[in-house]
Amino acid sequence: MRTDTGQVFRLEDYRPSDYLIPSTELTFKLSQEKTVVVAELTIERREGVAGNPPLVLDGDGLTLRRIAIDGNPLDASAYSVTPDELAIAAPPAAGRFQLTVETEIDPSRNQALMGLYRSNGVYCTQCEAEGFRRITYFLDRPDILSVYTVRIEARRDEAPLLLSNGNLGERGDLADGWHYAVWHDPFPKPSYLFALVAGDLGRVGDSFVTESGRTVELGIYVEHGKEPLAAYAMDALKRSMRWDEEAFGCEYDLDVFNIVAVSDFNMGAMENKGLNIFNDKYVLADEETATDTDFANIEAIIAHEYFHNWTGNRITCRDWFQLCLKEGLTVFRDHEFSADQRSRAVKRIAEVRTLRAHQFPEDQGPLAHPVRPRRYREINNFYTATVYEKGSEVVRMIRTIVGADAFQRGMDLYFERHDGEAATVEDFLKVFEDVSGRDLSQFALWYHQAGTPNVTVACSHDARAGEFTLEFEQSVPPTPSESRKQPMHIPLAFGLVGPDGQDIAWSQVEGASVEDGVIHLRKRRHVVRFSGVTERPAVSLNRGFSAPITLAIEQSAEDRAFLARHDSDTFSRWQAFNTLLTETLVAAFRSLLGGKKPAFAPDLLQLAGAIAADETLEPAYRALALSLPGEADIAREIGSNIDPDAVHAGREALIAAIAEENRQLFKELYDGLHHAGPFSPDAASAGRRALRNVLLDYLSALPGGAAVAASHYSAATNMTDRIAALAGLAHRHRNSPEAVEALAAFEARHRSDALVMDKWFQIQASTPGPEAVEVVRALMEHPSFSISNPNRVRSLVGTFASANQTGFHRADGAGYRLFVEAVLEVEKRNPQVAARLATALRSWRSLEPVRQAKAREALLEIRAAESLSPDLRDIVERTLA
Ligand code: TRP
Ligand code: ZN
């Protein structure tokens, strides 16, 4: 394992490399414990570099076997080498030479899952961000673009399949049962996009004809026998390829596009040029094994990785500070794709829920960082919700500000101007300034300034003067190492909703620029006055979530309820109801802390019924509206001194009250949504299942609810319904005979399918209450669990730590003790996964004092552990700072 050098990387220290590597030829002789890699690098001194400065190549745990320049072995005095670096003091003065480097690596012992490793008997690689240096010495930085030719040699029986990036060249047999294949990728690429796969896998094949008429061979490789489970992924791939041509004019550029599913993978998937490698969780699906959420995730991630071919691969990043250049933009593109394939309104609400659940707590806690960070110690820890999701929101705001038309011209210009380059965020902003003639310098703060901006709004209406006034104040809270903040350019889409539910037309506005239904805030305070408004409107602000902010608006419950019924913007309509629910849940928490039973306004309970029954709304939308803010959402709203047990109790009380108020209605709707026909994963069918399952959740909270959930379980004909029933039983009726029986039945049915067992782990890990600690501890001994598989660890320990507020934050600290042990156990093998797991404690300062002290002890204990990896040390130290 790499030791922590404590080095800090800074954006302002960027300097182009003195040397370039225009071409890279690799030969792999694959063997489980001793793989030999021969790299033939063409090295060129960069133009304008004086003399022959040293050439310093990155390595990580490598063993050097041979080194030569222009075919001549190098004298030991001419270079210095450690496992982590190879330096040649005085490279040839001519400035262009061939460097041969032979290294030896041990894929079988690679449990960090970076570089070349083995998953289920398959050789595979993961090189982003800095894994290539675990394969060979190289200038392992994204601005070094090279043309790769890769020769793979392996035993045919062990690895009949040999894949790398680009197009297949020659292949054939070698002596002693070995064979080889040569792949060539004509597009220069950074080392992080290199990939190799070798093993024995099943193939699902198809083809795609691009808009210019070229035929692309498509292949998805999975474990033998799982081929039928790749059909949905293949369909999603073809739809992604077509969509990218239509929406962004991006055509695929190689003759083949391959996807390989592996079961040991640190993240979701990886966009290696022409050879995407996926966590099998995001490839394999059928109705028996995958939920509707799984299908939607597969579609989105297949699209995301495919879209990287242009945003990430053809145009890559100059350095890792620019990560959002490819990730934020590609998330934006996959969001748009899913919106087009499914329901735009529903998709937007789901996106915002995710942003609030993952990015807001990051931005509001000790790990806050700008969308484009200025410093890092471990880049792996910056693959965050801020870089990805907030990064996507920033791109969305650019489109809102310049307009859809200029946005499209800007993207065209971006592809035209920067194809084949390693670009920066400045390059990206510049294309939109150039096409629109707008100055985006204040807007650029969204990339540079961390923290979620808070906007407060007060409204007043002067009926006689016909004036409606909005007073805005924005502030960006301090974040680590940034105490003073500049005011931001915040685009707020809005409407003034009249008594008939229609937007009111006003005649004049002063105080801020207002264009096409968007108020542009640029100063700390704005007083925005509309004239020609005779009737008092209900103001609908931040429509479509046009800016990723928190908005505190003085508004009566009546106005909110009115908007929840009538706002023409579906997002804001959902938001109005969600705000009512959140306010109610915060009040319930406060009552409980004060020793009182929470009371709920009958209007609110009835409004829930009205939304459930509103046939003019899509079922999926109604399902989202009826799923209450989660416990972590409520805790975030409360802000400090959190007692998770009271949050949980308040939320359960509201669920029960809504269910009681609407018992008959919910039962009828639930029965009416029963579907007997064949399964289809499409969005409309999934939406009906989602609504029915939300109704089930309410019904299972009523007396007799266990029986309802149990019969839902036994009647289920797909995984979505089965999981909904199992969650209802385990979470609301744990230890009931029905729950015990259903959990056992599920285990018996699915014990041989690891991905399905992950769901079984998740349900138990998220079952509220103090027993969860012992349950999780016991499940860590279950034969289906493995501490070295990231999916297992995330399902059991990750779910417990991030989706079980009452169990994890148990007042006696037992949850934290389990957490510390698990994090340190994972860290021995896989620092990247351990570091991510450890972020579960990032909001520790908002807990009540007793828990807070115990959480701090847990963090200190991790920090004190011996030989901590840079990954985990970085997270723990920032969390404690
Ligand atoms: N580039 C990948 C994506 O977002 C992310 C990724 C996959 C990754 N595997 C990784 C990042 C390993 C860091 C380490 O599409
Ligand atoms: Zn990505």
Side-chain angles (χ1 to χ4, degrees), residues 2 60 110-117 119 124-135 140-142 165 189-195 197 237 240 244 259-283 297-317 320-338 358 371 373 376 378-392 395 790-791 794 830-837 839 869-871 874-875:
R2 200 148 39 114
D60 183 356
N110 181 350
Q111 294 201 75
L113 314 185
M114 293 296 286
L116 178 68
Y117 65 97
S119 173
C124 62
T125 57
Q126 171 57 40
C127 292
E128 185 175 8
E130 297 178 338
F132 193 71
R133 62 185 66 181
R134 293 165 62 94
I135 294 174
D140 191 14
R141 43 187 284 174
N165 316 87
K189 65 170 174 289
S191 50
Y192 82 86
L193 291 173
F194 165 79
V197 171
L237 173 61
S240 303
D244 211 15
I259 291 176
V260 179
V262 300
S263 34
D264 301 84
F265 203 70
N266 282 353
M267 308 266 282
M270 180 63 212
E271 70 265 24
N272 318 300
K273 183 79 185 188
L275 179 54
N276 289 1
I277 299 182
F278 270 62
N279 185 327
D280 58 1
K281 171 180 164 64
Y282 296 118
V283 173
N297 286 338
I298 289 170
E299 179 180 77
I301 296 176
I302 290 271
H304 179 97
E305 306 311 331
Y306 175 73
F307 296 159
H308 268 314
N309 191 55
W310 277 92
T311 50
N313 302 4
R314 289 287 289 255
I315 304 180
T316 193
C317 300
W320 292 119
F321 297 100
Q322 319 297 328
L323 184 57
C324 67
L325 179 71
K326 73 177 178 80
E327 295 304 347
L329 176 56
T330 305
V331 169
F332 172 76
R333 278 151 50 67
D334 85 56
H335 283 177
E336 284 297 293
F337 168 74
S338 295
H358 298 114
V371 170
Y376 62 76
E378 176 50 65
I379 189 57
N380 285 333
N381 289 337
F382 283 82
Y383 288 76
T384 59
T386 297
V387 168
Y388 278 65
E389 318 301 324
K390 189 176 182 180
S392 163
V395 174
N791 287 354
R794 285 186 284 250
N830 191 327
Q832 205 180 330
V833 169
R836 186 155 299 242
L837 203 57
T839 64
S869 63
D871 309 60
D874 171 48
I875 293 292

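By convention here, the first residue in the shown sequence is residue 1. Order of listing sets the numbers, starting from 1, for every ligand and every atom in it.
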Protein contact of atom 7 (C) of ligand 1 - nearest heavy atom, named by residue and atom, plus distance: Ala269 O, 3.0 Å
Salt-bridge criterion met for Asp244 and Arg333 (N-O under 4.0 Å): yes
Tyr192-Phe132 aromatic ring centre distance below 6.0 Å: no
Element-labelled atoms of ligand 1 that are located less than 4.0 Å from some non-hydrogen atom of Glu271: 1 (N), 2 (C), 3 (C), 15 (O)
salt_bridge(Arg133, Glu130) N-O dist < 4.0 Å: yes
Geometric N/O contact Glu305 with ligand 1, under 3.5 angstrom: yes
Proximal ligand 1 atoms for Glu327, defined as those under 4.0 Å from one of its heavy atoms: 1 (N), 2 (C), 3 (C), 4 (O)
Sub-4.0 Å atoms of ligand 1 with respect to non-hydrogen atoms of Met270: 1 (N), 2 (C), 7 (C)
Polar side-chain atom of Asn279 near backbone of Met267 as donor-acceptor pair, under 3.5 Å: yes
Rounded distance [0.5 Å steps], OH in Tyr383 versus CH2 in Trp320: 4.0 Å
Proximity of Phe382 and Phe321 rings by center, below 6.0 Å: no
Backbone or side-chain N or O of Asn380 under 3.5 Å from ligand 1 N or O: no
Salt bridge present between Glu128 and Lys326 (N-O < 4.0 angstrom): yes
Shortest protein contact, atom 3 (C) of ligand 1 (heavy atom only): Tyr388 OH, 3.4 Å
Nitrogen or oxygen atoms of Asn266 and ligand 1 under 3.5 Å apart: no
From the candidates Glu128, Lys326, Glu130, the one that places a heavy atom nearest atom 13 (C) of ligand 1: Glu128
Closest protein heavy atom to atom 9 (N) of ligand 1, given as residue, atom name and distance to 0.1 Å: Gln126 NE2, 3.3 Å
OE1 (Glu327) to the Zn ion (ligand 2) to NE2 (His308) angle, given to the nearest 10 degrees: 100°
Reported CZ-to-CG distance for the pair Phe194 and Asp140, which is rounded to 0.5 angstrom: 11.5 Å
